[in-house]
Amino acid sequence: MSEQRKSGVGDLFIGVGYLLRGFGWVARRPGQWLFGLIPALVVLVLYVVALVWLAGRADDLAGWVTPFADGWSQGPRRAVRAIAAVAIFGAAAFLAVLTFTALTLLVGGPFYEKIAERVEESQGGAPPEPEVPLLTQVGRAIRDTLVLGAVAVGFAVMFFALGFVPVVGQTVVPVAAACVSGYFLAGELTAIALERRGLRRRERFALLRRNRLLVVGFGAATVVTFLIPLGAVIGMPGAVAGGTLLARERLDEGPPVTAGDKSVHGEY
């Protein structure tokens with residue numbers, strides 16, 4: 001069994017280190033990186049189209065959510081609606097970041113499962129896949145994605161409202177949003193390895209809560225990477241690899257798998 005540790009601020013940086021290790025893993029295996037780009041590119045195109053559409057209508061939506069400002073003088077009305085437009089687009093971007101990974105993992109499940117398996121084998125061996133019918137796996141993945149989407153919408157609405165608070169809405173709220181979205185992103189990125197160990201969603205998030213700072217460090221660093229133009233696509237394979245390493249080394253409570261290391265033969 002893995003040792004129980006006290007969580008400390010240093011775990012934030014250890015979490016960031018897992019993302020960097022994931023990037024390093026795919027950098028040494030460019031074939032796996034290219035393999036993992038395919039589903040991320042497909043989902044990115046869908047998200048870009050949706051966000052471009054929203055950006056073109058942000059002013060109209062800002063007017064719709066601030067009817068109370070209709071009778072104000074021009075200066076204050078423009079100011080509050082500019083804040084509303086930014087908050088609307090920011091909430092949508094937050095929602096996109098939170099759900100991008102879940103949707104990409106859902107669309108590209110076979111791609112990322114294979115990458116996660118190869119990461120584990122390069123570290124000593126992957127545990128056997130649980131004997132779960134394919135339709136059951138797909139159903140669970142869709143259900144988990146819908147649950148995450150509902151949670152994401154709730155947080156997006158909350159951060160949208162807090163975005164109107166002067167100063168706090170432009171400083172504290174973005175940081176809090178990055179940490180919250182990072183926590184749930186980490187849950188998605190570690191899901192493949194933990195599900196392989198027979199853990200369902202509630203059990204996985206119970207493990208995340210016990211390692212909260214570590215998980216937030218990994219997830220928030222991933223969020224920052226995904227906010228860079230094309231970062232979500234380019235970084236997705238490395239993020240999956242990093243999440244697999246994190247799950248294997250710090251979240252797995254069972255004995256480590258040590259057999260079947262294929263990396264010494266240069267297969268990956």
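In this text, all values refer to a predicted model and were calculated from it rather than measured experimentally. Note: hydrogens, waters and symmetry copies are ignored here, and every other heavy atom, side chains too, is used.
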Cationic N near anionic O, under 4.0 Å, Glu120 to Arg197: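 Looking at Glu120 and Arg197, the cut-off is met.
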Identify every side-chain donor-acceptor pair in residues 230-240 under 3.5 Å, counting partners at least two apart or on other chains, and give the distances.
none

Approximate separation, where rounding is to 0.5 Å, of Leu207 CG and Leu251 CG: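 Going from CG on Leu207 over to CG on Leu251, the span is 6.0 Å.
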For Tyr18, side chain to side chain donor-acceptor pair (under 3.5 Å) partners two or more places apart: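 Per chain and number, Tyr18 pairs via side chain to side chain donor-acceptor pair (under 3.5 Å) with Glu249.
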What residues form a side-chain contact (heavy atoms from CB on, under 4.5 Å) with [X], not counting sequence neighbours?
{"X": "Pro76", "value": "Trp72, Ser73"}
{"X": "Ala92", "value": "Leu51, Leu54"}
{"X": "Arg202", "value": "none"}
{"X": "Val86", "value": "none"}

When you compare the side chain of [Y] with that of [X], does any pair of heavy atoms fall below 4.5 Å?
{"X": "Leu246", "Y": "Leu189", "result": "no"}
{"X": "Thr104", "Y": "Tyr112", "result": "yes"}
{"X": "Val16", "Y": "Leu19", "result": "no"}
{"X": "Arg250", "Y": "Asp11", "result": "yes"}

Using the test salt bridge (charged side-chain N to carboxylate O under 4.0 Å, His left out), find all partners of Arg78 that sit at least two apart in sequence or belong to another chain.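 With neighbours one apart ignored, the set is empty.
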Just checking, is any N or O donor in the side chain of Gln32 or Arg118 under 3.5 Å from an acceptor N or O on the other one?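 Yes, because at least one side-chain N or O of Gln32 sits under 3.5 Å from a partner of the opposite role on Arg118.
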Qualifying residues under ring pair (Phe, Tyr, Trp, His ring centres under 6.0 Å), relative to Phe111, sequence neighbours excluded: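 Applying ring pair (Phe, Tyr, Trp, His ring centres under 6.0 Å) to Phe111 gives Phe35.
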By the ring-ring contact (aromatic ring centres under 6.0 Å, His included) test, which pairs, at least two apart or in different chains, include something from residues 39-67?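 Applying ring-ring contact (aromatic ring centres under 6.0 Å, His included) to every pair that reaches into residues 39-67, excluding sequence neighbours, yields Tyr47-Phe100.
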Please list every donor-acceptor pair under 3.5 Å in which a side-chain atom of residues 215-227 meets a protein atom from a residue at least two apart or in another chain.
{"from": "Thr222", "atom 1": "OG1", "to": "Phe218", "atom 2": "O", "distance (Å)": "2.8"}
{"from": "Thr225", "atom 1": "OG1", "to": "Ala221", "atom 2": "O", "distance (Å)": "2.9"}

Shortest non-hydrogen contact from Thr190 toward Gly243: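 The answer is CG2-O, 3.4 Å.
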Minimum heavy-atom distance between Gly187 and Arg204, given as atom pair plus value: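 Minimum heavy-atom contact is O-NE, 4.3 Å.
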